Each structure stands twice: as C-alpha cells, then as structure tokens.
Participant: 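The following block contains the structure, expressed as structure tokens.
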Amino acid sequence: MSLRTEQSAFRGMSGSVEYTVNHPEQSPVGWALVLHPHPLHGGTRDNKVVTTVARTCVQQGLLAIRPNFRGVGASEGVFDAAVGETADMVACVEHIFAQYLQAAQGPWVLAGFSFGSAVAAQLHAELADRGLPLPARLMLIGCAVERFRYRPLAMPAHTLLIHGEQDEVVPLSEGMDFARAHQLPLTLVPDAGHFFHGKLLVLREVVLGSLSGL
C-alpha cells in the first residue's frame, strides 16, 4: 500500500518538532498519533512497529501523525526522559486539532511503542487534566511506562496493552505488572521479541481489532 505523505512541524516546548503525516485514500474519518521508541537508542518515527501501526490506522481511514521526539532528526531540544516529550505532545495534539480540521472532527487514536508508551500514557493523563479531547483508543505496545513515569496515571478501560512473549528489552513480567496495577487485560504475541521481528502482521491484526467500531 502506497501512502500519501507530507512532512511538517509544530512548535514544541524546546523548539520545532517535525512530524510525518500519512493520509488515507479518502477524506479522513479521524486521526491517530503514533509515538516512537527511545530516542537515545535509535528510536525514530520510522521504526517498523510505529509505521505498522500508522499504516493500519490509515487503512481504517485515519490520518496518521508520526512525530520525531526532541533531539531526533530535525526536532529541536534534548532528551528529557518523557517529561518534555509529553509536554511537546500536548502541543502536538493542540496543533493537529487546529491544523487538520476535518480529521479532528472524528475520533482519534493514541498509540505508543516502548518509550513512546510512557509518553502516550502520561499524555492521556495530561490531556484529561487540561480538559482537552481524549482519544477513543489508547494503545501501549511493549509497555515501558513505569521506567519513565513522572506523574500519577489513571488508565482508561479501553487501553490496549500488547506485549511480545520473548521481549528482551521490556520483560513480559514488567508488562504484566503494569497490567495488574491498572486491572487491564494484556494481549500477548507468542514468540515475539521487543521489536516484533517476524510478527508485525500479527501486531497489525491486533491493532486492527482494536480499531473496529471506532
């Protein structure tokens, strides 16, 4: 599937933050924000898990937004252990609602992978505190929230947790601890490592199932 893409930027807390937009074939029925893994360990908006989730969202008619966190690519600023990155993503959400009016009229999806899961979870909490529109779906993949948590969290009941059985970066036990603490089910992908090598089609199907009924 060939995606129509464009590059743009918004103003974050430490300067310009670049992002890629993937457009659906028809007019968007909503939008998705997909967040990448650890910036200091090679994480970018072009990570395979991130692009798989974005493509799945686009196939469901959503406009997909993939930012580069501060310090990655042309995004300004330096790594801030999820605190500054979350503040940047609050600005991103406000920017998208102002810039992409048609997509913003529909439901939106928030997804984060690895380090991005920590930003996504805390972004949801920050949006709730500020009375800003909340996502209809929250997806945390390879959940590393507790490694970078700086604030209290209350996870919505619709949160989708996805974890690889053989995750070598964030052990399954860590994902289970998070699921248990928030009384959420966890979707386990058998034999999958942290980056879901060879299991991206399975990941796609899980994400697709969560998007149904949006």
Side-chain angles (χ1 to χ4, degrees), residues 10 12 17 19-24 27-37 45 47 49-67 69 82 85-145 148-163 175 178-179 182-187 203-204 206-214:
F10 65 92
V17 176
Y19 64 92
T20 294
V21 186
N22 297 129
H23 293 268
S27 296
V29 297
W31 66 285
L33 177 60
V34 190
L35 305 180
H36 70 69
R45 62 186 173 187
N47 169 270
V49 171
V50 170
T51 56
T52 294
V53 173
R55 281 174 173 271
T56 306
C57 289
V58 168
Q59 289 165 359
Q60 293 300 104
L62 303 177
L63 186 80
I65 307 294
R66 294 183 286 119
F69 287 132
E85 288 84 357
T86 302
D88 290 342
M89 291 306 106
V90 172
C92 179
V93 171
E94 293 175 330
H95 170 78
I96 299 304
F97 273 100
Q99 190 72 22
Y100 297 94
L101 298 180
Q102 183 167 6
Q105 291 176 1
W108 73 285
V109 172
L110 174 57
F113 169 48
S114 197
F115 171 78
S117 72
V119 178
Q122 291 172 114
L123 173 59
H124 188 280
E126 294 284 351
L127 295 174
D129 286 351
R130 298 165 190 242
L132 294 170
L134 296 177
R137 297 285 188 278
L138 174 62
M139 302 180 190
L140 307 179
I141 304 166
C143 183
V145 174
F148 303 97
R149 184 170 66 83
Y150 65 85
R151 55 153 301 146
L153 296 174
M155 295 288 91
H158 62 66
T159 303
L160 173 66
L161 300 179
I162 309 173
H163 217 94
F178 185 84
H182 295 279
Q183 289 297 287
L184 294 167
L186 182 145
T187 299
L203 176 65
R204 176 191 177 279
V206 175
V207 171
L208 198 58
S210 178
L211 294 176
S212 65
L214 262 185

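Everything numeric here is computed off the predicted structure, so don't read it as measured data.
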Participant: Mind checking what makes side-chain hydrogen bond (donor to acceptor under 3.5 Å, both in side chains) contact with Thr187, not counting sequence neighbours?
Facilitator: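 Once residues adjacent in sequence are excluded, Thr187 has no partner under the side-chain hydrogen bond (donor to acceptor under 3.5 Å, both in side chains) criterion.
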
Participant: Which pairs of donor and acceptor atoms, one on a side chain in residues 115-125, lie under 3.5 Å apart (sequence neighbours left out)?
Facilitator:
residue : atom : partner : partner atom : Å
Ser117  : OG   : Ser114  : O            : 2.5
Ser117  : OG   : Ala144  : N            : 2.9
Gln122  : OE1  : Tyr150  : N            : 2.6
Gln122  : NE2  : Ala118  : O            : 2.9
Gln122  : NE2  : Phe148  : O            : 3.3

Participant: Are any non-hydrogen side-chain atoms of Val53 and Phe113 less than 4.5 angstrom apart?
Facilitator: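 The answer is no; the side chains never approach within 4.5 Å.
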
Participant: Dump the intermediate steps for side-chain contact (heavy atoms from CB on, under 4.5 Å) on Thr51 and Asn22, then the final yes or no.
Facilitator: CA-CA 10 Å; Thr51 56; Asn22 297 129; over 6 Å; no

Participant: Restricting to non-hydrogen atoms, name the atom on Phe178 and the atom on Leu140 that form the minimum distance, rounded to 0.1 Å.
Facilitator: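 Heavy atoms only, the tightest pair is CE2-CD1, 3.9 Å.
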
Participant: Quick one: are Met139 and Ile162 in side-chain contact, heavy atoms under 4.5 Å?
Facilitator: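 Side chain of Met139 against side chain of Ile162, heavy atoms only: no contact under 4.5 Å found.
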
Participant: Taking the side chain as every heavy atom from C-beta outward, state whether Val58 and His23 have any atom pair closer than 4.5 Å.
Facilitator: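 No. Closest side-chain heavy atoms not under 4.5 Å.
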
Participant: Going by the rule salt bridge (charged side-chain N to carboxylate O under 4.0 Å, His left out), which residues pair with Arg151 if we only count those two or more places apart in sequence or in a different chain?
Facilitator: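 Residues passing salt bridge (charged side-chain N to carboxylate O under 4.0 Å, His left out) with Arg151: Glu126, Asp129.
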
Participant: With distance as the sole test, does Arg66 use its side chain to make a donor-acceptor pair with the main-chain N or O of Val50 at under 3.5 Å?
Facilitator: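 No; judged by distance alone, with no hydrogens or angles, the pair does not exist.
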
Participant: Is the shortest side-chain heavy-atom distance between Leu63 and Pro24 below 4.5 Å?
Facilitator: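 Yes, close enough: below the 4.5 Å cut-off.
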
Participant: When you measure from the side chain of Trp108 to the backbone of Leu134, do you find a donor-acceptor pair of N or O atoms at a distance under 3.5 Å?
Facilitator: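 Pair found, side chain donor or acceptor close to backbone of Leu134.
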
Participant: Looking at every heavy atom in both Leu214 and Ala136, which two are closest together, and how far apart are they?
Facilitator: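 Residues Leu214 and Ala136, closest heavy atoms: CD2-CB, 3.6 Å.
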
Participant: Just by modelled atom types, is the Pro156 backbone N or O under 3.5 Å from a matching donor or acceptor in the Thr159 side chain?
Facilitator: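 Indeed, once roles are kept as given, a pair shorter than 3.5 Å links the two residues.
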
Participant: What side-chain donor-acceptor pairs closer than 3.5 Å can you find for residues 87-94, not counting sequence neighbours?
Facilitator:
residue : atom : partner : partner atom : Å
Asp88   : OD1  : Met13   : N            : 2.8
Asp88   : OD1  : Arg70   : NH2          : 3.0
Asp88   : OD2  : Arg70   : NE           : 2.9
Asp88   : OD2  : Arg70   : NH2          : 3.1

Participant: For His36, what residues pass the ring pair (Phe, Tyr, Trp, His ring centres under 6.0 Å) criterion, not counting sequence neighbours?
Facilitator: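 With neighbours one apart ignored, the set is Phe69.
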
Participant: Kindly write out the residues that satisfy side-chain hydrogen bond (donor to acceptor under 3.5 Å, both in side chains) with His95, not counting sequence neighbours, or none if the list is empty.
Facilitator: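 Expected list: Tyr19.
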
